[in-house]
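Reminder, nothing fancy here: chain letters follow the sequence lines and each chain counts from 1.
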Amino acid sequence: MLNYAVQRLIQAIVAIFGVLTIVFVVMHLSGDPTLLLVPQDASAEMIAELRHQLGFDRPIHIQYLDYLYGLTQLDFGISVVQRVPALDIVASRLPYTIQLAAGALVVAIGIGIPAGIVMATMRGSAIERILTAIVVTGQSVPTFLSAILLIFIFGVTLRWLPTSGAGELSAMILPSIALGALSMSTFARMTRIAIIDELGKDYVRAGRARGLSLGQVVFRHVLRNASIPVITIAALEIGNLLAGAVIIETVFAWPGIGQLAIQSIQSRDFLVVQVIVLLISFVYVLTSVLADLVYVVVDPRIRLVR
Amino acid sequence: MSVIASAHAVRQRLRRVPLSVIVVSILLSVIILLAIFAPFFAPADPNNQTLLARLKPPGFSYRGITYWLGTDDLGRDLISRTLYGARISLGVAVLSVVVSTLVGVSLGMLAGWFRGWTETIIMRLVDIMMSIPAILLAVLTVAVLGPGFLKLVLVLGLTRWPRYTRVAYAQTLQVSNLPFIKASELAGAGAVRILFHHVLPNIAGPILIVATAEFGLMILMESGLSFLGLGIQPPSASWGSIMSVGRQYLERAWWIVAVPGVCLFLLVFSVNVLGDWLRDQLDPRSRSR
Amino acid sequence: MTENQQNVLELRDVAVHFGGRGGLLGSSGVVVKAVNGVDLDIRKAETVALVGESGCGKSTLSNTIVGLQAPVSGSVKISGEEVVGADRRKLNDIRRKVQMIFQDPALSLDPRSTIGATIGEPLIVRGIVRGKALKERVGELLTQVGLRPEHADRYPHQFSGGQRQRVVIARALALEPDLLICDEPVSALDVSVRAQILNLLVALQQRMGVSYLFVSHDLSVVRHICDRVVVMYLGRFVEIADRDTFFADPKHPYTRALMSAVPEADPVVQRGKQRFILQGELPSPANIPSGCAFHTRCPLATEICSKVRPELTPRPDGARVACHHA
Amino acid sequence: QTKDTLTIDLPNDAATLDPHLQWNTDSYTVYRNIFDNLLTRDTSGKIVPQIATEWTYDNDTTITFKIRDDVTFQDGTKLTAEDVAFSIGRIIDPALKSPQLSQFDQIATAEAVDATTVKVTTKSAYPALLAQLVKLSIVPKAYVEKVGDQEFNLNPMGSGPYKLVEWQKGIATNLEAYDDYWRGQPPFEKVVFRAVPDVSTRIADLKTGKADLVRDVPPDQASTIESDSNTKLLSGETERVGYLYINAEAGPTKDLRVRQAIAYAIDKQGLVDALLEGYGKAVDIVGAEPIFGYTEEVEGYPYDPAKAAELVKEAGAEGATVEFLTSPSYPRALVEAIQQMVNEVGLNVTISSSDQATFLKRRQGDAENAGGMAFGAWSCACQDADGIIFPLFRSGSIWAKYKNEKYDALVDEARTILDEEKRKELYKQAYEILREDVPGLGLYQVYALYGAAKNLQWEPSANEAMFVMDMSWQQ
Amino acid sequence: MDPRPLLSVEDLTIEIDGANVVDGISFTVAPGKVMALVGESGCGKSLTSYAMLGLLPPAARRSGGNIRLDGRDLTALSEREFRKARGKDISIIFQEPSASLDPLTTVGAQIAAAYRTHHKVSRTEAYAKARQMLADVGIPDPDRRLHQYPFELSGGMCQRIMISIALICSPRVLVADEPTTALDVTIQAQILDLMKKLVADRGTAIVIITHDMGVVADIADDVAVMYAGRIAEVAPVEALFEKPRHPYTALLLASVPKLSDAPKADLATIEGRVPTPNEFGAGCRFADRCPLATEKCRAEQPPLFDCGGGHRSACWHIDRMAEIREIAA
Ligand SMILES: Nc1ncnc2c1ncn2[C@@H]1O[C@H](COP(=O)(O)OP(=O)(O)OP(=O)(O)O)[C@@H](O)[C@H]1O
Ligand SMILES: Nc1ncnc2c1ncn2[C@@H]1O[C@H](COP(=O)(O)OP(=O)(O)OP(=O)(O)O)[C@@H](O)[C@H]1O
Ligand SMILES: [Mg+2]
Ligand SMILES: [Mg+2]
C-alpha cells in the first residue's frame, strides 16, 4: 500500500513535470503574445520594449527555470493578457467545467452503458441495429455541427432550452448532450465488447447450468466482471471531457476550461495555458489513481502493488 | 482433396459473413474509389467559383452547368468538392493512422519486449502524452509547425500514438511469454527478427481494431481543427472544412452540411461495422475450432 | 552407460528464484524459490524423466537449462560448455546443442508463419543454409518426423495437434542438438496421438543418439520411455533412480503417493491397487515448509522431518532418496 | 413591455476592464460604458467635447483643456483636472506596461493647472493628438492609488453612465445604471455584456430573446435576421477599410507590374455584391469616407483581367507562386474569392492560414517571410488617414513592406502640421503614390452589422463604438 | 441393463452448420452408477453434455432425439421449465474449475446463491447449507473458505467448490465434463475418490466425460466410446477393457503404454486422423483408419450390435476382433 502510494506519487510527478515541459517548449516555440497585445499602429521599438518588459526576450531556458522557480513558490504567475493571477482565471472557470463534464458523463454513462449492455445481449436484434445507428451517429457528427444543430432544434425552433450561457440548470442540457455524444459511443462500444468477452467465459455457462436465466447471469455476474475495462476508459474520458470540450464550449458560450484553453493558446497567454495543462494532467493522474482504487473494490484479485 | 476442402472452407467462411458486413464493405470500397478517382467522377473543378451562383440548392442550373447537389458559399459545385474532400479527409485519416500506428506500435513493442528502462521511459512518455488533451496538443503543434496537409498528418499522428503504444505494449507482454516466441529465441533469432516476424503479426489484430476506431476519430479531429481554422488550407476542402463552413448556412443552405455529413456518417458507420466484425473474427472464442 | 561417455548435461547446485530482487520500485518482495539447488547429469542417448506436481519447478528448470531463465546460482553445462553467464553469441552457439519442445503444440508454433518458415528459422538466422538447400533441408526434417515435404507451405492451423507436435520436434531437430528438453510434450495430446509422438521420440533417439530430459507427470509414459527417473518436489529432487529400480521399489513416500495416484488403464489392476492418497495440496513455493518440504503432507512425518532437511543419499540398489524414513 | 435589462452578446469578454491596459474591441466596448473620455466623436465622426468642454492650442506642442466641473465618479467623488492629468500620466508611464503606450507616447507631460484646467504638451507638433485622446478614459486618481493597479482592473470605477456590478471573467460583465450620471439618467437599469464566441450562437441568442443586441454579424447572415419578426438588422458605414496588402519588397510581387496586375484582377464590386451582399462600398484608396484625408480624386484600378494578364506576362511572372497569408480572424470566403480572381490572370496564389499570433509574426516580420498578399480590415478608430496609411505603408513601420522616400516625406509632414487643408493635400498626393506603386489596395468600406431586438433603438457609429447611453427601447 | 434407467439419451443428434456433429447417440445411466463417455478431442463429448443441460452454444442445434430424466423428456421442456430442472434435477461441472466460478464473488456466496436459485430460504440458511456442503466435499476449515474468492483457492479446491455448487440441490444426475483433466494426479485421485463417495452416499448418477482411460478404469461402471460424433461401443467397464468389441476401442487401449510392454518398444498407433464433420461419409466413420475396413464399412453405417452382457458395438466385423488384437499387440 505504501509502496503503491510512493510509486504513484513518483509517477505523477514525472508525468506532470513532463507535460509541463512539453507544453512550455511547444508554446514558446509558437511565439509570444506581444504582437497580439500592442495596438496595430505600434512601432517595432515599442513592441521590442514591451517584449522586454514582459520578459519574453530572454532565452527560453531562463524563462523555463524562472517559471519552475515560481512553481516551487506556488506562484503560477500573472496572465500577461488579463493582468490577473493565472490561477485565479483558471479557478473561476473550473466550476463550469466540472458541471459540464459531469453532465456529459451522465449522458455518456447513462446512455452508453445501458446501450452497450443491450447491444451485447441482444446481438442480431432490431434493437441492436437501432442502437448501433445511434452510437455511430455519436461518433460521426463533428461536434461543431451537432452543437449548432441542437441549438437550432431545441433552442431556436422549439424554444425548449436556452441557446447559450451557463446560468440556469437547463442551459446545461444541450452542451452535455453534445459533449457526451462521442463519449457515449465510446462507452457503448467498450461495454458491448467487454460484455461479449465475458459472455464467452465458462462461468456464464456454469451460472446457467445451475438454473439462472441469461439475464440473471448478466446482472449478477457479467456486469461486474465487465466493468473493469469500462472503468479504464471512464478514467481516460474524464480527462478528455475537461479540456476536450474546446469546441462545444465555444459554440455554447460555456465558460469552461476548454474555451479558456483555446483562447489562451490563441492569445499566447502562456501562464494560463500552463495552469490548465497542469490541472488536466493532475486530474488525469487523480482519475487513474481513482480507477485503481475502484479496481480494487470491484476485483478482489487486484492488489495495490504496482 | 485439399483443394476441394479449402474451397469449401472459403465458401463456408463467406457464407458466415453477415450481409451488413458485405454491404458495408461495398460502401467503403465505393467511397474509396470515388475518392481516388475523384477527377473522373467530379462533374466540375472543385475550386471553380461562380459568385453569382452561390448558395444555390441542389438541381440548380446556371450557364448550362447543373449543380446536382447545390453550391457552397462561393458558388462551387458541392458534389465535386465533396468528392475531392473525400481524398483529403480519407488521406488525412489514413496517413495519420499510419503514422501513429508506426510510431505507437514500434514503441509499444520495444517497451514490451525489452522491459526495464526502455519500458519505464516509453510508458511514462505515454502517460504524459495521454494527459494532454489531444485537441490542445494538436492546436499547439499546428501553431508551431504551421498548417498544411502533411503537417496535419504529422500533428494528428504524433498526438495519437500513445493509444497504439498501450495496446501494442500489453499485447507484446502477453505474446512474448508464449512458447513459440521462446522457441524462436532458442532458434537463435534476434530481437528485431522476433519482433517483426513473430510478435507483430500476432498483435496486429488488436492494433487493427484500435486503428479502425481511431480512423473515424481522425476525420473528426481534422474537422475540429478545420473549424478552428487550423485544418486543411483553402481552397482545398475536407469534409470537415466543408461542414464547418456550411454550419453558418444551416437555414439558408442546409445542403452544404448535409452532403459531406451523410458521407461522413456512412464512412464512419462502415468502418465501425467492419471494425466490430473484425474484432469478433479475431476473438478466438467466436472462431470455431 | 559405458564409462567414457561424456555428459551432455551437467547441473550443479542450480537454484532459480523469482521476484524479490527489485530495487526502489521493486515488486511485492515475495521470493518464489522455484528451483533450489539441484544436481543432475544426463549422458549421451539417455532419457531422463523429470516428474512432479504442477508448480514444483519442472518448467523453470527446463528453461534454465536452455538459457531462457537465469539461475541465481549454480552451473549449467551443455556438452561441457557453461550456459550460465554466457553472452548472447556464446549462448547462441550453445543452443545449437540443446533445444526444447513445449507442452502445448498449439502455442508452440507461430500461427502466422508457415511451418516451413518455422522449421527453417534456426537455419536461416544462423546462416547455415539458404535458398534451395534450405527447402531441401526442411523437407528432410519434415520427412524425418513423419510429415511430407509439401506440408512446408501450410500454416499450423491446418494441422492436427499431433502433426503440430511433429513440426515442433522437426524444428528442434533442425540444429541437430545433443539434448532435447521435452516439457510435457504429450500431455496436451489425445491418447492415440500420444503414442505416435512417443514412438517418434524413441525412434529419433535410436537413430540420432539424442538425449532427452523428459518432463511429465504421466508415470505410464515415463515408464515407457525413460532410462532414469528424477522426482521433484518444491524445487528439489527427492528421488533419483533407474527406471526398473524406481518402478519396482519406489522409496520416497511422495513417489509412492504419486504412483498410487496415477490411474492405471485397467480396471482390474486399478481397483485392486492399494491406494495411498495424499491429503492437502502442494504448499506455495514462495513459502516452502522447513525441514523436509514434504513433511506437511507426508504420512510418515515425524519431528525430525520438520527440522532437518534430508539430503539425497544413495541406497544399495543405486537409487538416491532424500528422506529420513524411507 | 420594455425590459429594464439590456443584454449584448459580444464575441469575447473584456480581457481587462482597466481602460489603460487593453485596446481590443471587446474590452473597450465594455469599459467605455464605465468610463468617460476626455473627448468623443459625434455620429458624424466629428471630435466633440465630453469631459473636456473646450481646448486651445497654446502653441504647436501645447494644448490646454477646460474640464467640466459637474462630473462625479461612481463613488460620488468629484472628477477634477487632477484625475485627467493622472490618467494621461498613467498610460504613458512605462511601469504600467500598457500596450497602448505607443498611441500616447507623443505626449510629453500632462499637468493640472487648476481644478478645471489641464495642460498637455507633446514632444513635437502632433495633429493626431485629439484623435488619440478620444481613446483616453479618465480614471479616478484617488481610487486607483488606493486600491492599486491590479485591484483596479478587477473592480474598475469611473465616471461613466454604468457602474460595474459583477465581472464574471470570461463569461459576462454586469453593469448597472449610475443614477447621478452627468449626462442624465442612463436608458437601461442594467446592462449585461455576454461573451459568445460563435456567431451562429449569437444569432440564435438574438432570435430567442436571450440577447437584445449582437455584434459582428457576417453579411451572409443579414437576411436571416431581417426575415425574423422579432429582430432587425442595424448596419452602419464605418471608417474601417478592407484592403489587400501586397508585398513590394520580396517575391514575385516585388515587380510593380505584378502588383498592378493584382489590382486590375480584382473585381471589387463583384466581391461587395456577392460576398458582402451589398453591405459594403467599393473604394479606390486604402481609406473609407469617414476619415480625414479621404479623397475621391485618386482614380482606382478598374476590373480588367485582360490587362492584368498582360501585365503578368510582361513581368514574366506567369505561374509565379504568391503566398496569401491569412488567419481565421479574416473572412475566409473573401480570401478564397480573391485568390481565384488573381489566379485567373496567371499567378499561382496559395493560401497560408495560421492562427492570429503566427499570422502577425509573419506579416509584421521581415519582408522575405511576410507572404505576397494578405487581407486586412483596418480602422484606427481615429478617423484620420494618418492612422491608416502611416502604419501600413510608411517604411520602417512593422506593417510596411514598401519603401518610397517621397511617400515617406509626405506622410511624415502630414502628421506634424495642423493645417487641415494642407494635410488633405498631402494625403491626396500620398494616395496618388500608393495608387501608382500598389503596396496595398483598398477594396471596400466595411459596414458594421448588428442584430438587434425589434424594439431597440440605436444608430451605429462610424467608429464602431457601442455606447449604451445612445441606445433606448423604442416607445 | 437396469430396467429403469434414470437418465436415457436416445438417438441424440446435434447439428452445426448443417453437419451432424453428434449423430444419433444413445446411452442410459442407472441411479448410483457412473457412465463414462470417452473419445478423442472433438468427437462431440462436450456438445452431448451441453445438450443434456439444454445449454447448446448458439451455433449448435439439437436436430433429433431426446433426453429423458426419470421418464420426463427434458427436450420437450420450455426454457423456463428447463431452468427449473438445471441444478435441481441435473447438474454439471466443467474441466476448468477456476474459470467456471465468478472471479469476483466469494465462493460461499456462489454456493448459497446456487441453493437459493431453487429454494426459498434466507441468506443465513443458504450459507449454513453451503457450509455443510463444503464439509461434505472434504474442504478443511469451511468457515474460512466460504469467504474466500476463487483466486485464493487451488484448482483442486475450486473443483470441490464446483462439485458443491452442482450438488447442493441434490440433483439426481451429475454430468462431469473432464472434471480432472486440469488437475494434478494427486489431486485428481482426491476428486475421483470424492465422486465415488458421493455416488455411494447419495445415489447420484454420474456421466463422466474424459479421454483418460485410467480415469475410466478407476471410476466408471459403464463406458460409452465415442468416435466422430457416434457411439462406437458401449459396455460395462471390465468387459470393455478385457475384450473390446470395436477396432477403435481396441487400438485406443493398445496405444496406452502398459506395464507389460517392453520399454521403448513401439506402441500401437492409429494412423490418420479423426474426420471433421464436413468429411463424414455415408459409412462407418472409422473406416478410413480401420485395419479391418471393407467396402461395406465405407458404404454403410453399422448399427449398434448387441453382443450380450450389456456390451454393444457399432462394427460390421465384431467377429474379426481377434485380428485387431493381433495388430494391437
Ligand atoms: N516468471 C515467473 N515469475 C514468478 N514466479 C514464477 C515464474 N515462473 C514460474 N514461477 C513460479 O515458480 C514455480 C515453479 O513453476 P514451474 O512452471 O517451473 O512449475 P512446473 O513444475 O513446470 O509446473 P507445471 O506442471 O504446472 O508446468 C511456480 O510456483 C510458479 O508459480
Ligand atoms: N460453438 C461451436 N461452434 C462451432 N462448432 C463447435 C462449437 N462447439 C463445438 N463445436 C464443434 O463440435 C465438435 C464437437 O465438439 P465438442 O466440444 O463436443 O468436442 P469434445 O469431444 O468435447 O472435445 P474435447 O475433448 O476437446 O473437449 C467439434 O468438431 C467442435 O469443433
Ligand atoms: Mg510446466
Ligand atoms: Mg470437451
Asker: So for Thr358(D), is it side chain, backbone, both, or neither that comes closer than 4.5 Å to the heavy atoms of chain A?
Answerer: both

Asker: Where does Asp105(D) contact chain A at under 4.5 Å (heavy atoms): side chain, backbone, both or neither?
Answerer: side chain

Asker: Can you say whether Leu35(A) sits under 4.5 Å from chain D via the side chain, the backbone, both, or neither, judging by heavy atoms?
Answerer: both

Asker: So which residue, Ser92(A), Pro255(A), Pro162(A), Ala147(A), ends up with the most heavy-atom pairs under 4.5 Å with chain D?
Answerer: Pro255(A)

Asker: Tell me, side chain or backbone of Tyr96(A) under 4.5 Å from chain D's heavy atoms, or both, or neither?
Answerer: side chain

Asker: Please give me the minimum heavy-atom distance between Gly77(A) and Asp75(A), naming the atom from each residue.
Answerer: N-OD1, 2.8 Å

Asker: Select one option (side chain, backbone, both, neither) describing which atoms of Ser30(A) are under 4.5 Å from chain D's heavy atoms.
Answerer: backbone

Asker: Does Arg363(D) count as lying over the ring of Phe359(D), i.e. NZ or CZ under 6.0 Å from the six-ring centre, within 45 degrees of the axis?
Answerer: no

Asker: Check each of Phe393(D), Tyr243(D), Tyr245(D), Trp378(D) against Trp399(D) using the ring pair (Phe, Tyr, Trp, His ring centres under 6.0 Å) test, and report the only one that passes.
Answerer: Trp378(D)

Asker: Counting only heavy atoms closer than 4.5 Å, note whether Ser379(D) contacts chain A via side chain, backbone, both or neither.
Answerer: backbone

Asker: Tell me, out of Ala357(D), Ser397(D), Gly396(D), who's got the most heavy-atom pairs with chain A below 4.5 Å.
Answerer: Ala357(D)

Asker: Which one, Gln168(D), Gln100(D), Arg202(D), Arg194(D), leads in non-hydrogen pairs under 4.5 Å with chain A?
Answerer: Arg194(D)

Asker: Relative to chain D, which of Ile89(A), Thr34(A), Leu36(A) shows the most heavy atom pairs under 4.5 Å?
Answerer: Leu36(A)

Asker: Can Arg240(D) and Glu464(D) be counted as an ion pair, charged N to O under 4.0 angstrom?
Answerer: yes

Asker: If you round to the nearest 0.5 Å, how far is CD1 of Ile291(D) from CG of Asn463(D)?
Answerer: 13.5 Å

Asker: Salt bridge check: are Arg215(D) and Asp9(D) linked by an N-O gap of less than 4.0 Å?
Answerer: no

Asker: Kindly determine whether Val214(D) and Ile8(D) satisfy side chain to side chain contact (heavy atoms under 4.5 Å, CB included), including the steps that lead there.
Answerer: CA-CA 6 Å; Val214(D) 304; Ile8(D) 302 176; over 6 Å; no

Asker: Under 4.0 Å between a side-chain nitrogen and a carboxylate oxygen: does that hold for Asp355(D) and Lys361(D)?
Answerer: no

Asker: Determine the option with the most heavy-atom pairs under 4.5 angstrom with chain A, choosing from Asp198(D), Thr201(D), Leu21(D).
Answerer: Thr201(D)

Asker: Is it the backbone or the side chain of Leu50(A) that comes under 4.5 Å from a heavy atom of chain D, or both, or neither?
Answerer: side chain

Asker: Just by modelled atom types, is the Val246(A) backbone N or O under 3.5 Å from a matching donor or acceptor in the Gln259(A) side chain?
Answerer: no

Asker: Chain A heavy atoms under 4.5 Å from Leu360(D): which part of the residue, side chain, backbone, both or neither?
Answerer: both

Asker: Identify which part of Pro328(D) has an atom lying under 4.5 Å from any heavy atom of chain A, answering side chain, backbone, both or neither.
Answerer: neither

Asker: Of the backbone (N, CA, C, O) and the side chain (C-beta and beyond), which part of Lys210(D) lies under 4.5 Å from a heavy atom of chain A, both, or neither?
Answerer: side chain

Asker: With only heavy atoms counted, which part of Pro391(D) is less than 4.5 Å from chain A, the side chain, the backbone, both or neither?
Answerer: side chain

Asker: Between Ile78(A) and chain D, which part of the residue has a heavy atom less than 4.5 Å away: side chain, backbone, both or neither?
Answerer: side chain

Asker: Drop me the distance from His20(D)'s NE2 to Asn153(D)'s CG, to the nearest 0.5 angstrom.
Answerer: 12.0 Å

Asker: Output the option from Ile151(A), Val80(A), Val251(A), Ile47(A) having the highest count of non-hydrogen pairs under 4.5 Å with chain D.
Answerer: Val251(A)

Asker: To the nearest 0.5 angstrom, please state how far the CD1 atom of Ile173(A) sits from the CG atom of Leu161(A).
Answerer: 5.0 Å

Asker: Among Thr250(A), Thr163(A), Leu260(A), which has the most heavy-atom pairs under 4.5 Å with chain D?
Answerer: Thr163(A)

Asker: Which region of Glu45(A), side chain (C-beta onward) or backbone (N, CA, C, O), has a non-hydrogen atom less than 4.5 Å from a non-hydrogen atom of chain D, or is it both or neither?
Answerer: neither

Asker: Could you check whether Asp32(A) pairs with Arg268(A) (Lys NZ or Arg NE/NH1/NH2 to Asp/Glu carboxylate O, under 4.0 Å)?
Answerer: no

Asker: Look at Pro94(D), Cys380(D), Ser27(D) and state which one has the largest set of heavy-atom pairs under 4.5 Å with chain A.
Answerer: Pro94(D)

Asker: Which atoms of Ile388(D) are under 4.5 Å from chain A, going by heavy atoms: the side chain, the backbone, both sets, or neither?
Answerer: neither

Asker: Give, as side chain, backbone, both or neither, the part of Glu49(A) having an atom under 4.5 angstrom from any heavy atom of chain D.
Answerer: neither

Asker: Could you look at Asn12(D) and say if it's the side chain, the backbone, both or neither that has a heavy atom under 4.5 Å from chain A?
Answerer: side chain

Asker: Heavy-atom pairs under 4.5 Å with chain D are the metric here; pick the option from Leu54(A), Val84(A), Ile265(A) that has the most.
Answerer: Val84(A)

Asker: Does a salt bridge link Asp18(D) with Arg90(D), judged by any charged N lying under 4.0 Å from a carboxylate O?
Answerer: yes

Asker: Under a 4.5 Å cutoff for heavy-atom pairs, which residue among Ala204(D), Ala211(D), Ala195(D) has the most contacts with chain A?
Answerer: Ala204(D)

Asker: Do the charged groups of Asp88(A) and Lys169(D) touch, with an N to O distance under 4.0 Å?
Answerer: no

Asker: I would like to know whether Leu20(A) and Tyr67(A) meet side chain to side chain contact (heavy atoms under 4.5 Å, CB included); could you show each step before the answer?
Answerer: CA-CA 10 Å; Leu20(A) 268 185; Tyr67(A) 178 68; 4.2 Å; yes

